[in-house]
Each structure stands twice: as C-alpha cells, then as structure tokens.
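Naming: A, B, ... by sequence-line order, numbering from 1 per chain.
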Amino acid sequence: MMSQRRKQFPFDDFEPRWQQHWEENKTFSAPNPGDKGFDASKPKFYALDMFPYPSGSGLHVGHPEGYTATDIISRYKRMKGYNVLHPMGWDSFGLPAEQHAIKTGEHPRINTENNVNNFRRQLKSLGFAYDWDREVATTDPEYVKWTQWIFLQLYHSYVCEETGKARPVSELEEKGFSREVIDEKRLAFVADTPVNWSPDLGTVLANEEVEEWRSKGHTVERRPLRQWMLRITAFADRLIDDLDDLDWPEGIKNLQRNWIGRSEGAEVDFTIAGEKVTVFTTRPDTLFGATYMVLAPEHPLVDKIATPEQKEAVEEYRKVCASKSDLERTGLATEKTGVFTGGYAINPVNKEEIPVWIADYVMMGYGTGAIMAVPAHDERDMEFAEKFEIPIIEVVQAPEGNEDNCFCGHGTAINSGFLDGLSTADAKEKIIDWLEKSYLGKRTTNYKLRDWLFSRQRYWGEPFPIVWKDGLHYGIDESELPLLAPPLEDYKPTGKPEAILAKAKDWVELEDGSIRETNTMPQWAGSCWYYLRYCDARNSEAFISPEAEEYWLSGDGKAGGVDLYIGGTEHAVLHLLYARFWHKVLNDLGYLKTPEPFHKLVNQGLIMGEDGQKMSKSRGNVVNPDEVVDLYGADSLRLYEMFMGPLEQVKPWSMKGVEGVYRFLGRVWRLVYEADQEGNWKMREQLVDAKPDKATNKVVHATIKKVGEDIDSLSFNTAISQMMVCSNELGKLDKLPVSSVALLLQVLNPFAPHITEELYQVLQKEFKDLPEGDLASQDWPAYNEEYLIEDEIEIVVQVNGKVRDKLTVSKDASKEELEALALKSEKAQVFIEGNTVRKVIVVPGRLVNIVAN
RNA sequence: GCCGAUGUGGUGGAAUGGUAGACACAACGGACUUAAAAUCCGUUGGCCUUUGGGCCGUGCGGGUUCAAGUCCCGCCGUCGGUACCA
C-alpha cells in the first residue's frame, strides 16, 4: 500500500546516490599513522560494533540499532575534529555454514561468502560511515594466519608465579625445566578432562556454551576426552580486579564476577581412617559446628571409606547419580538425597568423630569435592541434616533481631572453644592462623571459572597450528601460517568424538612421520581479537603494527583503547571474557600497551516484535530491515531505531512509529522543497538569505546545544525530539532563513545522513554564501549562548507547593522583586487569605513558593 | 533464593529535588479535495464544574523536604541473568 503512495521525498533516488558518493570518495576512510592524509594533531576515537555472524537470514532490525548508535557518534566525533576509527567485519566461522556444507557437499567458504555479501549489501544500504577498507572476516586466510599466530603465542607462554604475568616458555627452557614440566605450564595445553560432548553437534563445548546449545534442543553429555585448553584461570584475579577500571554496565561486571566466582576461605584437613580428606569452606569459623561430612559421589576416596555394610547402598547411590543429567542433579526443587558411607572423619579442631556421607549436592568439580557440613549455618546442610536426623550445633550467635532458624550471616562465635566471643571476621582469621600453624589447613581462594576448553571437532574453524610426533606436540613454524583445512569430499560428522579433519589423511599425515592436530578452534578465537586487526587490517607483517596500536588503542589514561563498544548482552561472559583474557596475554608479552580492550561498553536493548514478544520466525513477528528501507528509506529506519526509546532499554517495534519519523523527515524535506502542480519538487519561496530573528535563533541554537549533549550521553531519542521541535518551529515561518535550515541539517546529519546531504547540496546551489563541501566534512556547529537567554521568563507562583499562578518577569528580576510580585498575585492571594505567610522560597528563574497556614 | 534492570496517559516515551506527561503514535474534530490518500490546523490523564476554575493523579505503604516521578525505609509486580559453588 505504502509503495503505491507517493513518497514524501525521493529517498530511493538520493540514498543510493549518496552511498555511492561516500564509497567513491572514501569519505569515511581513516588513515593510519604514516599513511597519506593522516593528521597526527587530531585526537582519535575508536567506536566499535560487535561484528555480526553473517547468517543466511540476513540482517534483522536488532543489528542496525547498535550500529546506528555508533554511526551517529562516529559522524559526530568526526565533525568535532577526531580521527574516527569505525570499522565493520564478519564473525564468519560457525556451525550453520558447516551444516549447509554437510547438506550440499559444498565448501562452507562459498556459503559464508554469499552471506557476507548479503550482509555487506544490507549494511551499505543503511549508509553507515564505516571505513570499508578495514573490513575483515575471521575466515579470511590472512586473518586465520594471525589467529593461529596468537594461538602460538599462548602455546609458547606460561604464567610466571611471582608476577602473575604471561612469559615465553623459552625462559623455562633456559632454566633447564623438563619438557614435561613445561608442557604442564603452557597457556595452551592438552588435558584429559571430563568435557561437554554433544553427539548431535559432533563437537565438545566450552562450559560457557553448554546452556545455549541445550536450550536449542541439543544434547550435551559429560565424558572424558583429551582436549586443548587455555589457562584462563591463571588470569582469574586480574579479570575480576581490572573490571573496576572499566566504564561498563554494573550488571555485566557482576555477571563476569559471578562467572569467575572467586570465594575466599580455607582448606581444612580431616582424617578418615588414616586417610587425609581436605574440604573447602568459606566459613572456617564454623568448624566447631561441623556435625557431618559430605563427599561428592564421584570422590575417589569413597571406595576406601565405605564400610562393608554400607558398600551396596553406596554403589547403588553412585549409579543413580551417574545416570542423572546435570540438569536433574542441579535442578531447582530437588530434595536432598544421600547415603551414609559408614565411615567417620575426625574434626581437626576438637577431634570429634563425624559421620561421612555422600550426596549429590556436593560437586566433584568445585573446591575439593568434599565439604564439612554445618547445618546450623548453611541452608543446604540444614535441609540435609533435618531429613537424615543429624545433630545440629549452633556456633554463631546472630546479632539481635536477626535470629533465624538457619542463620547464615555474620555474628559472634559460640560453642567454639578458643573462638568464643569473636566476631565472624576475627574468628575466621584466628582459626585459619591456627590451622596453618598446626599444619591442618591453609587459606585458599576458589574459583568457579574453569580453564577454557578450546578445541572443537568441527571443520569450519581455524586448525590448530600444531603437529604431533612421538606423542609430543609441537607448534609449527610461523612461516607455515596460515594453516588452512583442506576441502573434504564429505563434511558429515563421524558421530564419534573424533575431529572431522581426521578424514583428510593426506593433510594429516606428514612426510616426516608426524601428524597434524585435527581439532579446530572455537568461533570465539576469531572474535577475541578482531578489534585489534581493524587498527591495521592489511598488515601482512604483524597482527598489528606498534604504531597503529599506539595510536588507535592508546588508552590515554583509560584502561582500554576502544573508546566505545556497543553490542548485545548475550556476550556478557563469553566473548567479553575471552577477549579480555587474550588481550591481557598479549599485553604481558609486550605486544599491546593497555591492560584491557574495551573502555566503555554499552548494551543495546533487545527490539521486540510488534506484539511485544521476542522476534522469531515461528511467531511471524520478524521485521526485515530491507522492507523498511524499501518503504521508508534508510534515514527513516535509522532515525526510528534511535527514536524508539533509550538505547539500552528493551522496546517493541512499531511500524506506525516508523511512519512518524518518516513524516518528520518529510517535513524537513518540505522546509526546502515544495511540490508544484505537476508534482515536481521546487525550492520553497519562503527560503531567504536573511538574518534569523530572535525566536528562530533561540530554537536553532537550543537544538545545536541539546543534540550535542544528547549524543554525548547516548540519549538519541531526546535529541531527535528536539530536532522535531526545531523543524516544527521553522516550518511555521513565512520567511525562513536559509542559515537556520542549514544548521538544522548539520545537526541532523549524523542521524539521517542522506536526506540532509541532499538538501544541503540543493541549498548550496541557490545560496552561494553557505559553507562549501558536504555536511560530513564540516565542523559541528557551535551554539551561541546569547541566543539562548530570554529577556522575559515565566516563573511559577506556588502556595504550599501547589501551582497557583504564572508570572512573566524580566530575566534580571531579583529575589526580592520576585517575592514581592508573587505575594501580590491575586490568584495566589485567594489561597493565602486567612493564613499567615510563614516562609517564601524563591528559586530565581523558576518559581516562588509561598508557605502559608 | 541471589544479582541487575524496570514500573509515568489508550501506546512508545520526556522531565539538573522546582509547572508531570516534552516529542511522537493512536483516536477524535476541522480545512483542502468530486472523493480518498497525503498535507495543514485544533482537541486529547481522570473526575467535578457556575467554563472563572477546582480536586485527584507517576505500582503500593510510610518518611525526609517549603517542594518528591526523582532522595530514604518497607512491600508488590514485570523483564533479563544466574543458581545445591560449600
């Protein structure tokens, strides 16, 4: 219907024209230090979007939300005199392309390239000011080369225990450490661990990924496998502590803190039949209240401890646990279960014997897989103790008013021998000191974070630059990079936990008898460092040159060099944690100067369907950006996405809303143009080369001010409403000063670049005094404070806080004058009458409040 | 349970502790038109009204203040994340 109607302005004509203009003139190219046209005197601004996975279904309206925001900032910063780095690229490894290959037998690169081309076309149709010369795809051989190179840095590094920093393993070789010891210390290492194996995906998954794939209906089971791991745990403390220096949403910081899950406490050694069993606790001060011990069902000591009478029950219970999925085991409402082993442990602090149980509420994978249970002060232990009638001993006196059936907070130690009377904090210190002196335990910190399982058995990922010989692994020489996977006849997974690349015998088996590693890296590898590559995308000598790094990633007092990073929350713990980890390693090794990658992070809110539901194909509420561009133009789509509401908020789509901003752009168009009888666009006669009057100057300059401030604070919706106010005012004028229109076009340009450039060009032809060149190359206009000051202002007269009258007064009226005027107000008098005026509050320029009773 | 958001007209949303509802959408009325679309101009939180206005109103209950959507305390709802992590 809409396409049948006459367009309010010919966006389908000028939008592609301007896009072509920008492309041909390389308007938004950002030269590097040393390049032609580079101006070192300008400050830099790095605005980064989370690059998309180029899926087959193309862009959805969520993409342009964040992209438009960074685009507005980038265009604005350029006008403010910055060298702006605003790049785009493709996170193009991934499972869908591989599944397409499985179905068709076609190399996944072909499908990937098609999708990338479609994404690029769609993004270009929105007029984003990207420097397309810096475009990268993680699947480009040149990019793969450096991803593998960075892996080799990890492989050839270890973390020095004294400094906590990554260092080359060559230092260990020089010190004469054995190959075996060195291999155990590498940041990239091989381990036999229980991993998350998904038979239907044909690959293992990182802990961080398990939930996502499960929720998509795939099965994930645990099984022991030999895998490449990255030692992210060695960076746990820095990954937590350095969050403090970042300008990130508190929620995201908390998600990372929780994911890393640092908890400080103590390990305490108990003895069971002569065997030492260590437990981890964050509350060593409650040691006197431990009335039983629980081992994880998988705990290696269970066999030794279980008495003959209990052996059968224990075996039975372990079998049941093993068959349970993680979900069942950790499920919400599961009642506590467990079995007595028959064994007893000796509590080191009072030598008392406590029964040892096994129960699945204790996880083998965390702490030591064994706990001391203090039912009086732990809800889980309490529930368990009540069910199995185990004694409960209170050892912490809750502060008054906080008494609880199961008090888990801090209080005063009781029934605890030498700890009695101490605060929880002091008791912790004292008991840990005692344990350490008695060689019965030590202070420890535990983390939930596990090392990063880094290998995948898929085809469409970076092969590991590793060969095996005689059971030992070796990093291949840098000169052999990139190491690309050979094309296969058949991309189907084997169903066994064996990498698909193992099928390529000719590639795997080398002449010297060594064989290639057949695993590939996860998709995260490429996205861990793409923001670095953008800085120097065409460098074939290094992943980034020191000069480019120095300029674009200088933090200038900030922890991270990317000045603004906008993207969705879905990457809160995965990509953002991994990228920080790699960055820190490269920083330690001297390749980067900043400790963090992203200084300021903003999460755009999800765009819901028109029905308020999450957009999805099955609901049929997905909005296709191509359609919106077709009906209303790119400027309308950009403007609407910014006008919907605050960037970070979740908000529903509304086609009516798109029409609203489309009409606004139509009004801006008609400030300059009107249609004649034949329907041709002619310049409006009201446009004059005259000085604007006071009111016009006021609204225009107020707009310049507000739009600038609002862009700085990412409040794009209110910036747009101010521009609407401005254009509404200008539209009423019989004599419309062209300079005022030009200023509006200038501040609107970052939001709606096509229509504003088009109109400005038209004005330039008629009014020769306008500054030359296009809007993109002009400076952001300064506002004149004088125009904002009004001679007369309206102030409000309140009586007891309620508005009773409004007065128009001179802007210079003194407090005393205002008070006198307000007291004289007849409307206010009515409410004062009969009462005594107790107080008069005068807020100059705003109001007078008369307190009377 | 915990963590983080959030609650304002019919809707999306504005409001440095200082005139609640800017700007839009929808709706209604009018102009233009043979008609419609588009455009332009009005009205639009609720209740009462003698048409001057008045009263009520930002999830609920308290509090601080001359003044609270905004600050404090306690609840409730919604959304997102996360969870036997000892």
Colleague: Roughly, in whole Å, what's the span from CZ in A:Phe280 to P in B:C84?
Modeller: 17 Å
Colleague: Kindly say whether the aromatic ring centers of A:Trp653 and A:Tyr640 come within a distance under 6.0 Å.
Modeller: yes
Colleague: Just do the salt bridge (Lys or Arg N to Asp or Glu O under 4.0 Å) check on A:Glu792 and A:Lys811 with the steps written out, would you?
Modeller: CA-CA 5 Å; A:Glu792 297 207 309; A:Lys811 69 166 161 47; over 6 Å; no
Colleague: Give one of base, sugar-phosphate or nothing for A:Arg257, where a contact means two heavy atoms less than 4.0 Å apart.
Modeller: nothing
Colleague: Given that A:Lys827 and A:Thr368 both sit by RNA chain B, which one's nearest nucleotide is further toward the 5' end?
Modeller: A:Lys827
Colleague: Just compare B:G4, B:C85, B:G81 and give me whichever is closest to any side-chain atom of A:Arg380.
Modeller: B:C85
Colleague: Could you run through nucleotides 12-29 of chain B and give me one letter per nucleotide, 5' to 3': B if any protein heavy atom sits under 4.0 Å from the base, S if only the sugar-phosphate is that close, - if neither?
Modeller: BSSSB-BB--BBSSS---
Colleague: Reckon A:Arg670 has a side-chain N or O less than 4.0 Å from the OP1 or OP2 of B:C40?
Modeller: yes
Colleague: Is A:Arg257 salt-bridged to A:Asp244, cutoff N-O under 4.0 Å?
Modeller: yes
Colleague: So what does A:Arg804 touch, heavy atoms closer than 4.0 Å: a base, only the sugar-phosphate, or nothing?
Modeller: sugar-phosphate
Colleague: Taking only distance into account, with no hydrogens and no angle test, what donor-acceptor pairs under 3.5 Å do side-chain atoms of residues 829-847 of chain A form with protein atoms, sequence neighbours excluded?
Modeller:
from, atom 1, to, atom 2, distance (Å)
A:Gln829, NE2, A:Leu823, O, 2.5
A:Arg838, NE, A:Asn853, OD1, 2.6
A:Arg838, NH2, A:Asn853, OD1, 3.4

Colleague: If I take atom CD in residue A:Glu267 and atom C1' in nucleotide B:C85, what distance separates them, rounded to the nearest angstrom?
Modeller: 14 Å
Colleague: Centre-to-centre under 6.0 Å for A:Tyr662 and A:Phe9, is that the case here?
Modeller: yes
Colleague: Quick one: on RNA chain B, does A:Asn254 or A:Lys732 contact a more 5' nucleotide (nearest heavy atom)?
Modeller: A:Asn254
Colleague: Please report the distance, rounded to the nearest Å, between CG in A:Leu295 and P in B:A86.
Modeller: 18 Å
Colleague: Determine whether A:Tyr361 and A:Phe384 satisfy the following criterion, ring-ring contact (aromatic ring centres under 6.0 Å, His included), listing intermediate values before the conclusion.
Modeller: CA-CA 10 Å; A:Tyr361 80 93; A:Phe384 192 87; 5.4 Å; yes
